[in-house]
Amino acid sequence: MEGYACWANSYDAAPNPLLKLEERTLAPWLPPLRGAAVLDVGCGTGRWLSRLLADGARAVGVDLSPAMLAVAAGKPHLGRCLVQGDLLHLPVRSRWFDMVLCSFVVEHCSHLDRLVGEIARITAPCGRVLISQLHRDAWQQGWRCRFHHGGGTVEVAGNPFSLEELSAAFTRAGFRLQRRLAPHLGEEEQPIFAAAGRLHAFADACRWPAILLCDFRREGP
């Protein structure tokens, strides 16, 4: 929580190759959203929430960090659809949401089954859950969730789950894995490395799957 308070004001300003990779690979998975009830779990500064609303969704964003929500509230149209809440006790209606998005959230939760249980509670029958996280292979190579603050580097604790762990947890909660993707960084992310003075590290970074994307569907009715 303290880390996100420090990160909130600069989160949107610093280009992040993992976020860019996620946006270009996850966006094609989004179904038609006009009129759909969508929950952005751990919405942060509203990066995805803005897009969901623009696509016509009846979207709500939940986050525990007041600092992140304060940044999100300053963006057009977001203030009215933000809720502060614990992700393990989501303050929203049961069986209500057609789609749930968890963008770089699950790896920061040490209680996977409790989080998935809450997601199952609020997801409508046949609803979809889209998950993104840092890939376990990249984490094992030393990749971490870090940002610059106050002249130093702050690391946000997290431990990515394997595909098998995620799939087992969602299966226990009544979901089926529809598809998954483990994309590598590509030429679209290269300018971010160059701008950060780390072009020398780009080729090595491309050797490993950078993120894991999962698309689960709740069994219904």
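Between E219 and R176 a salt bridge is recorded (basic side-chain N to carboxylate O distance below 4.0 Å). A salt bridge is defined here as a Lys NZ or Arg NE, NH1 or NH2 lying under 4.0 Å from an Asp or Glu carboxylate O, and R172 with D113 meets this definition. Between D215 and R180, no side-chain nitrogen of the basic residue sits less than 4.0 Å from a carboxylate oxygen of the acidic one, so the salt-bridge criterion is not met. The pair R121-E118 meets the salt-bridge criterion, with a side-chain N (NZ, NE, NH1 or NH2) lying under 4.0 Å from an Asp/Glu carboxylate O. A salt bridge links R47 with E22: the distance from a Lys NZ or Arg NE/NH1/NH2 to an Asp or Glu carboxylate oxygen falls below 4.0 Å.
Smallest separation of non-hydrogen atoms from A72 and G44: CB-O, 3.7 Å. Between S132 and E107, the shortest heavy-atom contact is O-OE1, 4.0 Å. The nearest pair of heavy atoms linking L185 to R24 is C-NH2, 4.3 Å. Across all non-hydrogen atoms, the minimal contact from L212 to H135 is CB-CD2, 4.0 Å.
Within a 6.0 Å sphere centred on CZ of R179, heavy atoms belonging to other residues, nucleotides or ligands number more than 12. Within a 6.0 Å radius of NZ in K75, more than 12 heavy atoms belonging to other residues, nucleotides or ligands are found. In the displayed structure, Q140 atom CD is contacted under 6.0 Å by more than 12 heavy atoms of other residues, nucleotides or ligands. Heavy-atom neighbours of W29 CH2 from other residues, nucleotides or ligands within 6.0 Å: above the threshold of 12.
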Q84 and V62: CA distance, side-chain angles, deciding distance, side chain to side chain contact (heavy atoms under 4.5 Å, CB included) verdict: CA-CA 6 Å; Q84 183 181 3; V62 176; over 6 Å; no
E188 vs L21, test: side chain to side chain contact (heavy atoms under 4.5 Å, CB included). Steps then yes/no. CA-CA 8 Å; E188 294 90 339; L21 174 63; over 6 Å; no
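For the pair E187/E189, no side-chain contact is recorded, criterion being any heavy-atom separation below 4.5 Å from C-beta on. Contact annotation: the side chain of D40 never approaches that of V60 to less than 4.5 Å [non-hydrogen atoms, C-beta and beyond]. L181 has its side chain out of reach of L26: every pair of non-hydrogen atoms, C-beta onward, lies at least 4.5 Å apart. Counting heavy atoms from C-beta on, the side chains of V38 and D98 never come closer than 4.5 Å. Considering only heavy atoms from C-beta on, V100 comes within 4.5 Å of I122 through its side chain. Residues V83 and C43 form no side-chain contact, since every pair of their non-hydrogen atoms from C-beta on lies 4.5 Å or further apart. Residues C214 and L177 form a side-chain contact, since some pair of their non-hydrogen atoms from C-beta on lies under 4.5 Å apart.
Ring geometry, F170 versus F216: the interplanar angle falls under 30°, so the pair is classed parallel (tilted spans 30 to 60°).
Here the CZ-CG distance, from R136 to L163, works out to 11.0 Å after rounding to the nearest 0.5 Å. Considering NE2 of H108 and CG of L115, their distance stands at 12.0 Å, rounded to 0.5 Å. In this structure, SG on C126 lies 7.0 Å from CZ on R217, to the nearest 0.5 angstrom. In this structure, R93 CZ and L39 CG are separated by 13.0 Å, a value rounded to the nearest 0.5 Å. The CD1 atom of I119 sits 8.5 Å away from atom CG of L87, with the distance rounded to the nearest 0.5 Å. Between atom CG of residue L64 and atom CG of residue L69 there is a gap of 8.5 Å, rounded to the nearest 0.5 Å.
Panel note: side chain T171, backbone S167; a donor-acceptor pair is recorded below 3.5 Å. Judged purely by atom type and a 3.5 angstrom limit, R218 has no side-chain atom pairing as donor or acceptor with the backbone of P125.
Cation-pi geometry between R51 and W48 is not satisfied (NZ or CZ under 6.0 Å from the ring centre, within 45° of the ring normal).
The side chain to side chain contact (heavy atoms under 4.5 Å, CB included) test with L78 singles out one residue from T45, L49, V71, and that residue is L49.
Judged by distance alone, the side chains of R95 and T123 never bring a donor and an acceptor atom under 3.5 Å apart.
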